[in-house]
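Every number for a ligand or one of its atoms is a count from 1 in the order of the listing. Just so you know, these numbers come straight off a predicted model, no measurement behind them.
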Amino acid sequence: MPEAALHVGSGKVRELYALDDDRLLLVASDRISTFDVVLPTEIPDKGRVLTGLAAFWFARTRDICPNHLLSLRADGRSTECRRLEMLPIECVVRGYLSGSGWKDYSATGTVCGHVLPEGLSESSQLPEPIFTPATKAATGHDENIDRETAAELVGADLFAEAERISLALYGFAAAHARERGIIIADTKFEFGLDDERRLVLGDEALTPDSSRFWPADEYQPGGAQPSFDKQFARDYCESLGWDKTDPGPELPEDVVAGTRGRYVEAFERLAEIDFDAYLADPEVVLR
Ligand code: Q0Z
């Protein structure tokens, strides 16, 4: 537990503490959600994998955009970060048609005002990645918005910069991941402003919780794709006939072990660092 830190927020699987006026502590738990429900069984080291991966990407994207990371604690699951004034939009980039992007395209042929070619299927790769902002809904699901609405919320200049930086970050990470057998179908960035009103990347970025990771060797457009990390847990939950309302089912140990293995595999493939080396010294991801 963090010492002398005030709890300021809870996410489904993360906690946020204030260290002082300028710094926050972001702590990733081992909780897992599936079908939007947090399960009663934890996945050992999941929070460390996500923290390590986000820190890896923060270290490697500094020349694209400054970020909030100040330091990584020895527990491997806690990051000290600069407190920012967060923008009121989620900066989503999609390289493939999935989730609400596929739903909106099916209904209208467009996603957030982007007119897409006819004849695309579920999970099709897009001709080029698109920026599809969403509002941060206090409860329930974020709502896709068009560029005009997003620009009204943050101002035209910040909107343009957030779009350009988001596309650059996604382009870099998706290419890196694709060379290592992982498709990053889409991802969500959260930006804030520092005290000099500069745009800074915050929150967690390019993790399997903030993105859709798909195994490239199983990619087959025309339907939903297996999740790189959560598919064992989803398949097990589906096999029970659970109605997907809270509380979710306990996971058996083979599903826990298989799921943990997939998280560790994603970390090791992307960072090219042994997860045991990360546990021994988390700062290996920053070098
Ligand atoms: C992130 C969240 C979590 C609950 C606020 N650098 C920052 N400056 C200001 N605010 C935030 C950040 Cl990261 C910030 N969230 C999302 C994370 C638990 C909510 F771990 N909320």
So that I can tick it off, tell me whether Lys12 and Asp36 are bridged by a salt bridge, with the cut-off set at under 4.0 angstrom between side-chain N and carboxylate O. yes
Residue, atom name and distance, where the atom is the protein heavy atom closest to atom 6 (N) of ligand 1: Arg82 O, 2.8 Å
Looking only at non-hydrogen atoms, which of Leu16, Leu69, Asn67 approaches atom 14 (C) of ligand 1 most closely? Leu16
Atom 17 (C) of ligand 1 sits nearest the protein heavy atom Arg14 NH2, 3.5 Å
Side chain, backbone, both or neither: which part of Leu24 comes within less than 4.0 Å of ligand 1 when only heavy atoms are counted? side chain
Select the closest option to atom 20 (F) of ligand 1 among Leu26, Asp22, Leu201, Asp203, judged by heavy-atom distance. Leu26
Using heavy atoms and a 4.0 Å limit, tell me yes or no: is Ser10 in contact with ligand 1? yes
of all protein heavy atoms, closest to atom 8 (N) of ligand 1 is Leu84 N, 2.8 Å
Pick one of side chain, backbone, both or neither for how Glu190 approaches ligand 1, counting any non-hydrogen atom pair under 4.0 Å. neither
For ligand 1, is any non-hydrogen atom under 4.0 Å from Glu85's backbone (N, CA, C, O), its side chain (CB onward), both, or neither? neither
Taking atom types as modelled, is there a side-chain donor on Arg94 or Ser100 under 3.5 Å from an acceptor on the other? yes
Tell me which protein heavy atom sits closest to atom 10 (N) of ligand 1, plus the residue, atom name and distance to 0.1 Å. Met86 CG, 3.4 Å
Please lay out, stage by stage, how Ile183 and Phe228 fare under the test side chain to side chain contact (heavy atoms under 4.5 Å, CB included). CA-CA 9 Å; Ile183 292 171; Phe228 192 92; over 6 Å; no
Could you tell me, atom by atom, which parts of ligand 1 come under 4.0 Å of a heavy atom of Glu15? 20 (F)
Using a 4.5 Å cut-off on heavy atoms from C-beta on, say whether the side chain of Phe191 contacts that of Leu158. no
Go through ligand 1 atom by atom and flag the ones less than 4.0 Å from a non-hydrogen atom of Arg83. 8 (N)
Give the C-alpha distance, both sets of side-chain angles, the deciding distance and a yes or no for ring pair (Phe, Tyr, Trp, His ring centres under 6.0 Å) between Phe131 and His114. CA-CA 9 Å; Phe131 183 64; His114 297 273; 8.1 Å; no
Pair Asp229 + Lys46: basic N to acidic O under 4.0 Å: no
Pairs of nitrogen or oxygen atoms closer than 3.5 Å, one from His68 and one from ligand 1: do any exist? yes
Under 30°, 30 to 60°, or over 60°: which ring-plane class applies to Tyr278 and Phe267, parallel, tilted or perpendicular? tilted
Sub-4.0 Å heavy-atom contact, Gly11 with ligand 1: yes
Ionic contact status for Glu238 with Arg234, cut-off 4.0 Å: no
Parallel, tilted or perpendicular, as decided by the 30° and 60° cut-offs, for the rings of His176 and Phe56: tilted
